[in-house]
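Working notes for the structure below.
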Amino acid sequence: MTEKVAHSSLETLRNTRIQKLNDLVDKGINPYPYTFDRTASAAQLHEKYKDLPNEGEDSEVFSLAGRIMAMRNSGMFIDLVDSSGKIQIFTHKENVDEEKIKLLKLLDVGDIIGVHGNVRRTPRGELSIKVKDLKILSKSLLPLPEKWHGLTDVETRYRQRYLDMIMNEEVRDTFLKRSLIIKEIRDYLSQRGFLEVETPMLQTIAGGATARPFKTYHNTLDMDMFLRIAPELYLKRLMVGGVSEKVFEINRNFRNEGISPKHNPEFTMLELYQAYVDYNEMMALTENLISSVAQKVLGTMIVTYQDREINLTPPWDRMTMIGAVKKFTGVDFGQLLSVPEAAEEGKKLGAEVEEGDTWGVILDKVFEINVEPHLIQPVHIIDYPRDISPLAKPHRDDNKLVERFETRINGWEIANAFSELTDPIDQRRRFEQQVSNKRETDHETPAEVDYDYVTALEYGMPPSGGLGVGIDRLIMILTNAASIRDVIAFPTMRPKINI
RNA sequence: GCGCUAUUAGCUCAGCCGGUAGAGCAAUCCCCUUUUAAGGGAGAGGUCCCGCGUUCGAAUCGCGGAUAGCGCACCA
């Protein structure tokens with residue numbers, strides 16, 4: 001192997017910092033110490049001293065720590081950033097001994113330091129820490145992006161998210177909000193008696209949705225397994241078991257499909273089930289849950305998403321799927337029940353109807369093209385075709401439909417819910433039909449029937465409402481994120497050498 | 001999977017009709033020292049994404065490839 005000569009610019013910059021690190025060690029300073037006792041955050045001091053006048057000074061000494069984001073006047077002024085915000089650090093030779101002034105020479109933007117000092121507001125109004133002592137807490141070896149333009153290259157932002165977070169406060173804010181949103185969902189459900197549970201990620205039959213799964217292999221058991229595409233069939237087994245009449249899970253699903261601004265191969269889903277209620281109760285729960293989370297986290301139920309105002313205040317509109325199609329196209333699929341008739345109208349309305357499409361599939365395609373783009377405000381689209389909904393109970397008033405709704409916000413499917421199918425004989429028939437109709441090119445339908453699930457139903461599952469909510473998309477709307485990658489800390493990327 | 005676009009210094013970007021690469025920030029050294037993108041000066045820093053081709057000559061043109069973004073398809 002030839003020796004690589006370190007002459008790249010980055011290598012030089014890194015070597016310069018390693019030299020500083022060695023100088024620190026030579027001075028007997030550990031550049032990576034163990035602890036630092038903080039007594040304040042930047043935001044706490046801004047709040048406490050918000051009325052301090054220019055040139056005003058207080059004698060109380062605080063300790064705080066954070067990352068150096070800028071240095072001015074040879075380090076006399078430092079912008080220190082912690083998770084609460086930014087505060088200026090003022091280190092003057094009048095206040096500290098000479099060793100500390102020399103230490104400034106060995107600091108760089110990006111280093112993490114701890115300081116002790118009192119608070120003073122400068123003549124120009126900048127609240128500052130007048131340093132009495134200063135300590136390096138972590139030496140940074142690589143240069144941060146430029147302070148003015150920051151990091152904008154999207155590829156680097158996603159690949160090296162830590163840099164994106166260091167440089168972009170709004171990115172930190174998005175992930176803070178993500179955490180708060182999920183916490184509020186948990187709190188909301190827990191307060192209403194829902195039990196949080198966990199179900200298998202590794203499954204032998206990837207059921208509960210129509211999607212292409214990731215395949216993997218268990219060595220000891222010598223068998224293929226799949227990463228789950230949905231937790232549904234296991235959560236409903238829990239409903240049979242009856243540990244709780246209300247259960248929920250917030251966790252990852254994996255789907256081996258295309259990547260887009262709205263799709264990541266792994267994404268977070270909330271699924272919940274409640275015994276003795278139907279899909280009407282799920283509609284009320286959906287809008288109350290989402291609106292109250294928005295109120296708690298954002299302080300409002302009216303959000304702006306990409307220049308559009310979205311009002312999450314309940315109650316939300318409801319439209320039947322057939323009614324919605326009729327409203328936007330004038331065509332009543334409730335009167336077009338034969339497949340040839342439906343196919344003909346569907347094609348006229350722009351749907352790409354394929355051989356073998358059922359009435360429900362055609363209606364769904366027509367809906368997607370002609371209705372979905374109009375559904376900006378929250379709306380529950382109710383009563384789906386039976387043949388595209390194998391896990392939902394037949395509609396009590398119309399046998400070709402099921403009691404299912406999808407909640408649309410900004411045109412996207414945010415929630416999907418039904419009166420759960422609990423009839424084991426009907427369920428067995430639908431699964432078997434699905435599997436026998438599976439075509440060669442169909443990678444989404446499971447290859448075999450999940451008979452264990454059918455057996456569970458045969459022991460009896462209480463009538464239940466079930467609900468799934470796409471958490472990432474909900475967070476996108478609540479944080480005004482243009483891409484799902486902006487709300488997933490480490491989105492799926494092709495690996496790249498040489499970053 | 002297909003189409004469009006992008007890729008130049010650590011970062012943000014210029015670079016025209018092909019003539020051999022520039023700025024600002026960061027870094028280094030010097031000066032200055034209550035700054036707010038601090039200021040002044042000096043020097044340094046490059047696999048122009050990769051490969052092949054055209055050409056006397058390619059960052060620039062052509063072909064192939066890589067990665068990414070967007071759109072389409074699939075889906076939530």
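In the text below, chain A, chain B and the rest are named by the order of the sequence lines, each starting its count at 1.
- A:Glu126 and A:Arg72 are not joined by a salt bridge, as no carboxylate oxygen comes within less than 4.0 angstrom of a charged side-chain nitrogen.
- To the nearest angstrom, P of B:rA9 lies 11 Å from CG of A:Leu10.
- A donor N or O paired with an acceptor N or O is found under 3.5 Å between the base of B:rU35 and the side-chain atoms of A:Gln88.
- Across all strands shown, A:Glu413 has heavy atoms under 4.0 Å from sugar-phosphate atoms exclusively, and none from any base.
- When the P atom of B:rG39 is taken as reference, atom CZ of A:Phe77 falls 14 Å away, rounded to whole Å.
- When distances are taken from the side chain of A:Lys147 to each of B:rA37, B:rU33, B:rG10, the shortest belongs to B:rA37.
- Spacing between B:rU20 and B:rC32 at atom C1', rounded to whole Å, works out to 40 Å.
- Here, B:rA44 and B:rA21 have their C1' atoms 15 Å apart, quoted to the whole Å.
- Syn is the glycosidic conformation of B:rC17, whose angle stays within 90° of 0.
- Set against B:rA76, B:rG69, B:rG10, the side chain of A:Pro143 has B:rG10 as its closest nucleotide.
- Between A:Asp58 and A:Lys48, none of the side-chain N atoms (NZ, or NE/NH1/NH2) sits under 4.0 Å from a carboxylate O, so this pair counts as no salt bridge.
- Atom CZ in A:Arg72 sits about 11 Å away from atom P in B:rA26, given to the nearest Å.
- Atom P of nucleotide B:rC11 and atom CG of A:Asp164 are separated by 14 Å, given to the nearest angstrom.
- The structure places CD1 of A:Ile414 at 8.5 Å from CE of A:Met476, a figure rounded to the nearest 0.5 Å.
- Residue order along RNA chain B, read from the 5' end via each residue's closest nucleotide, puts A:His92 first among A:Gly258 and A:His92.
- Rounded to an integer number of Å, the gap from A:Ile68 CD1 to B:rC25 C1' is 17 Å.
- A residue-by-residue look at A:Arg473 and A:Ile259 shows that A:Ile259 has its nearest nucleotide of RNA chain B further toward the 5' end.
- Atom NZ in A:Lys262 sits roughly 16 Å away from atom C1' in B:rG69 (whole-Å rounding).
- Listed nucleotides B:rU33, B:rU34, B:rG45 differ in distance to A:Ser74; the shortest reach to its side chain belongs to B:rU33.
- A:Asn256 comes within 4.0 angstrom of nothing in the nucleic acid, heavy atoms only.
- B:rG41 sits 25 Å from B:rG46 when the C1' atoms are compared, rounded to a whole Å.
- Note on A:Lys130: nothing from the nucleic acid sits closer than 4.0 angstrom, heavy atoms only.
- At the phosphate of B:rC13, OP1 or OP2 sits under 4.0 Å from a side-chain N or O atom of A:Thr152.
- Pairing for B:rG62 goes to B:rC52, judged as Watson-Crick or G-U wobble with the two contacts each under 3.5 Å.
- For A:Glu372 and B:rA76, the CD to C1' distance is 11 Å, given to the nearest whole Å.
- Separation of the C1' atoms belonging to B:rC25 and B:rG64 is 37 Å when rounded to the nearest angstrom.
- Checked options A:Arg404, A:Met283, A:Glu406; the residue passing with A:Ile382 is A:Met283 (criterion: side chain to side chain contact (heavy atoms under 4.5 Å, CB included)).
- The base of B:rU33 lies close enough to the side chain of A:Asn73 for a donor and an acceptor atom to sit less than 3.5 Å apart.
- Comparing B:rC11 with B:rA37, their C1' atoms are spaced 14 Å from each other, to the whole Å.
- The separation between A:Asp153 atom CG and B:rA6 atom P is 15 Å, rounded to whole Å.
- On the P atoms, B:rG62 is 11 Å away from B:rU5, given to the nearest whole Å.
- Looking at heavy-atom distances under 4.0 Å, A:Tyr158 makes contact with sugar-phosphate atoms alone, never a base.
- Classification of A:Glu47 and A:Lys50 as a salt-bridged pair holds, one side-chain N sitting under 4.0 Å from a carboxylate O.
- OP1 and OP2 of B:rA27 both lie 4.0 Å or more from every side-chain N or O belonging to A:Arg14.
- Stacking between A:Trp148 and B:rG24 is absent: the aromatic ring centre is not both under 5.5 angstrom from the base six-membered ring centre and within 30 degrees in plane angle.
- If you check every strand for non-hydrogen atoms under 4.0 Å, A:Gly468 touches nothing.
- Of all nucleotides listed (B:rA27, B:rU12, B:rU36), B:rA27 comes nearest to the side chain of A:Leu13.
- At a cut-off of 3.5 angstrom, counting only N and O atoms as typed in the model, there is no donor on one side facing an acceptor on the other between the side-chain of A:Ser128 and the base of B:rU34.
- Side-chain nitrogen and oxygen atoms of A:Thr16 include none within less than 4.0 Å of the OP1 or OP2 phosphate oxygen of B:rA27.
- As rounded to the nearest Å, B:rC16 and B:rC29 have C1' atoms that lie 37 Å from one another.
- Of all nucleotides listed (B:rC70, B:rC11, B:rU34), B:rC11 comes nearest to the side chain of A:Leu151.
- Across all strands, A:Arg255 comes closer than 4.0 Å to base atoms (heavy-atom distances).
- Using a cut-off of 4.0 Å between Lys/Arg side-chain N and Asp/Glu carboxylate O, A:Asp23 and A:Lys27 are scored as not salt-bridged.
- For B:rG45, there is no paired base (Watson-Crick or G-U wobble, both distances below 3.5 Å).
- At the phosphate of B:rC70, OP1 or OP2 sits under 4.0 Å from a side-chain N or O atom of A:Arg485.
- Using a 4.0 Å heavy-atom cutoff across all strands shown, A:Arg121 reaches no nucleic acid atom at all.
- One N or O donor and one acceptor, one from the side chain of A:Glu146 and one from the base of B:rG24, sit under 3.5 Å apart.
- Considering only residues two or more places apart in sequence or on other chains, A:Phe77 meets the ring-ring contact (aromatic ring centres under 6.0 Å, His included) condition with A:Phe90.
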- Item | Derivation of the salt bridge (Lys or Arg N to Asp or Glu O under 4.0 Å) call for A:Lys100 and A:Asp97 | CA-CA 6 Å; A:Lys100 296 297 176 186; A:Asp97 59 55; over 6 Å; no
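- By the 30° and 60° cut-offs, the orientation of the rings of A:Phe62 relative to A:Tyr49 is perpendicular.
- We find the CG-NZ distance between A:Leu421 and A:Lys236 to be 7.0 Å, quoted to the nearest 0.5 Å.
- Considering only the side chain of A:His149, B:rU12 comes nearest among B:rA76, B:rU12, B:rU67.
- Here the separation of B:rG71 from B:rC61, taken at their P atoms, is 27 Å to the nearest Å.
- Residue A:Met493 is in sugar-phosphate contact alone, with no base atom involved, counting any heavy-atom pair closer than 4.0 Å across all strands shown.
- The side chain of A:Ile484 lies closest to B:rA76, out of B:rG69, B:rA76, B:rU36.
- Interface remark: the A:Ser260 side chain does not form any donor-acceptor pair with the B:rC74 base, using a distance-only criterion of under 3.5 Å.
- As judged by a 4.0 angstrom heavy-atom cut-off over every strand, A:Arg124 is placed among the base-contacting residues.
- The side chain of A:Asp108 has B:rA27 as its nearest neighbour among B:rA27, B:rC70, B:rA76.
- In terms of phosphate contacts, A:Arg159 brings a side-chain nitrogen or oxygen within less than 4.0 Å of OP1 or OP2 of B:rA68.
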